[in-house]
Number of protein chains: 2
Amino acid sequence: MAAQVGTDAEPVARTPLSRDRVLRTAVAVADEGGLDAVTMRGVAEALGVEAMSLYHHVANKEAMLDGTVDVVLTEIMAVVAPLEPPDRPAAWKDTMRSRILAAREVLLRHPWAPTVIESRTSISPLVAVWMDGILGLFRVGGLSWDLSHHAMHALGSRALGFNQELFQPDDAADAADVDLLDEMAEHLPNIVGMLQEVVHDDPDSTLGWCDDQAEFEFGLDLLLDGLDRLCSPD
Amino acid sequence: MAAQVGTDAEPVARTPLSRDRVLRTAVAVADEGGLDAVTMRGVAEALGVEAMSLYHHVANKEAMLDGTVDVVLTEIMAVVAPLEPPDRPAAWKDTMRSRILAAREVLLRHPWAPTVIESRTSISPLVAVWMDGILGLFRVGGLSWDLSHHAMHALGSRALGFNQELFQPDDAADAADVDLLDEMAEHLPNIVGMLQEVVHDDPDSTLGWCDDQAEFEFGLDLLLDGLDRLCSPD
DNA sequence: ACCTGAACACCGTTCAAGT
DNA sequence: ACCTGAACACCGTTCAAGT
């Protein structure tokens, strides 16, 4: 009531809750505070509502997380939709590359999304649609159904623009503290050798030397070129 | 006291707690009940002890999970240790393949481990040692430091024998319910086409058709062969 | 020193009650 | 119909107390 003092009871002040608003808010909470911030109570607070109200729009927390994946995939679809389809069979690789890198750009704005996507126990319909599109590009390129099937598995999460790394860039930078190199050299001779070459090539390097984007593209091209070769051996 | 009635106070009855025993028990709990079963209270109960006792041997739950990764990697190292090193540069691929597939066998016994490994915020020393060994094999094969570095990123988690998939095999089998194919065909023409070809090739197929092991090896070989080609172009 | 009981500040979720 | 308050059964963790 107090909230309406001074302004008439306009519909603006208290937008009714909806599944869509819940999911968008969950995405916003995750973007700002990371995945740990996505709690029923946390999302509710961001909506100015009680936690229990959410249960009228999503079945439970897992269903809410399922929904955030749909929000992100819708965003990806919107970015990719205007891209040109391949104009000849040989263009399948370029088209796939563009689509995947566009998806990646969206995911970089939602760093929590890969973790959520990989933790789903049932497949999102929109992820299935995405995979279907990738599969279609393989077919345009002339890959057999069987090879296309293998190709999907080989790409894995790279088909959606991400690739979970075992080394975190931050860790690498820490480990590269030059004072530690000698100590590490005994057990990690090759990693130390690699780091020293980086220092030699670029003495000013901060050693936060992994360019995620470049590494992603390297791995993606390695796979796409390999598949292309299997399809049309010379 | 009551526990010792009837048996003398032998040291057998009450093995003292230790960091090692805590970590091994955490692994056992995860193997049996999955990652969700790994709670401080749950692991403590499996040890016949109170939850708070664990904190004398691990700093907190994250440190306990760090420790389970070490347990699994120690198991991997033990399996890989007896394997022959490459006897000539060209053998690097075979050696790497054997090591990685051996690691994979261990991980298949600990299905929760990939999730835990990927969720670590700092890199495990033993994972670093493992990566160092893989890096060493690239060097044996004649790859430059720079290419070896790219190669590590391209392999990603495959270097440790796993690959998180977006499609779960179970889901694929469900989705392949033949009654649903027509309904799916509109939005997923390529996936449906792929499934229909599988049915055509093997009418008795249960459609739980993805052989994880075969797909893993396909993707691994695709990457290793591609790297080999970059190193020694013909 | 090692282990414990009680307590705290969180979770997701249920249920009966409000409007 | 939609939202809420109180409660339940869990978490990880702290702290003072036991032996």
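Per chain, numbering begins at 1; letters A, B, ... match sequence-line order. From a predicted model like this one, the values you see are computed outputs, not experimental measurements.
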In terms of side-chain heavy atoms of B:Lys61, which of C:dC11, D:dA7, D:dT13 is nearest? D:dT13
Supply the atom-to-atom distance B:Arg104 CZ to B:Phe216 CZ, rounded to the nearest 0.5 angstrom. 5.5 Å
Whole angstrom value for the distance that separates C1' of C:dC11 from CE of B:Met40: 17 Å
Nucleotide D:dT19, atom C1' - distance to CD of B:Glu50 in whole Å: 15 Å
Gap between atoms CD and C1', on A:Glu45 and C:dC11 respectively (whole Å): 15 Å
Is there a donor-acceptor pair under 3.5 Å between the side chain of A:Trp145 and the backbone N or O of B:Gln196? no
Residue pair A:Val49/B:Thr39 against DNA chain D: nearer the 5' end by closest nucleotide is A:Val49
To the nearest Å, how far apart are B:Leu65 CG and D:dG12 C1'? 12 Å
If you assign A:Arg41 and A:His56 each to the DNA chain C nucleotide with the nearest heavy atom, which residue ends up on the more 5' nucleotide? A:Arg41
Ranking C:dG12, C:dA6, D:dG12 by distance to the side chain of A:Tyr55, first place goes to C:dG12
Working to the nearest 0.5 angstrom, can you tell me the gap between A:Met152 CE and A:Met131 CE? 3.5 Å
Sort out the partner of C:dA16 for me: Watson-Crick or G-U wobble, both distances under 3.5 Å, none otherwise. D:dT4
In whole angstroms, the gap separating P of C:dT13 from CD of A:Glu62 amounts to 8 Å
Between B:Met52 and A:Ser18, the residue closer to the 5' end of DNA chain D by nearest nucleotide is A:Ser18
Roughly how far, to the nearest 0.5 Å, is CG of B:Leu54 from OG1 of B:Thr25? 9.0 Å
Assign A:Ser53 to base, sugar-phosphate, or nothing according to its heavy-atom contacts below 4.0 angstrom with the strands shown. base
At under 4.0 Å, does any side-chain N or O of A:His57 touch on OP1 or OP2 of D:dC3? yes
Interatomic distance where CG belongs to A:Leu54 and C1' belongs to C:dT13 [whole Å]: 12 Å
Could you check which of D:dC3, C:dG5, C:dG12 has an atom nearest any side-chain atom of A:Leu17? D:dC3
Cut-off 3.5 Å, side chains only: do A:His187 and B:Asp132 have a donor facing an acceptor? no
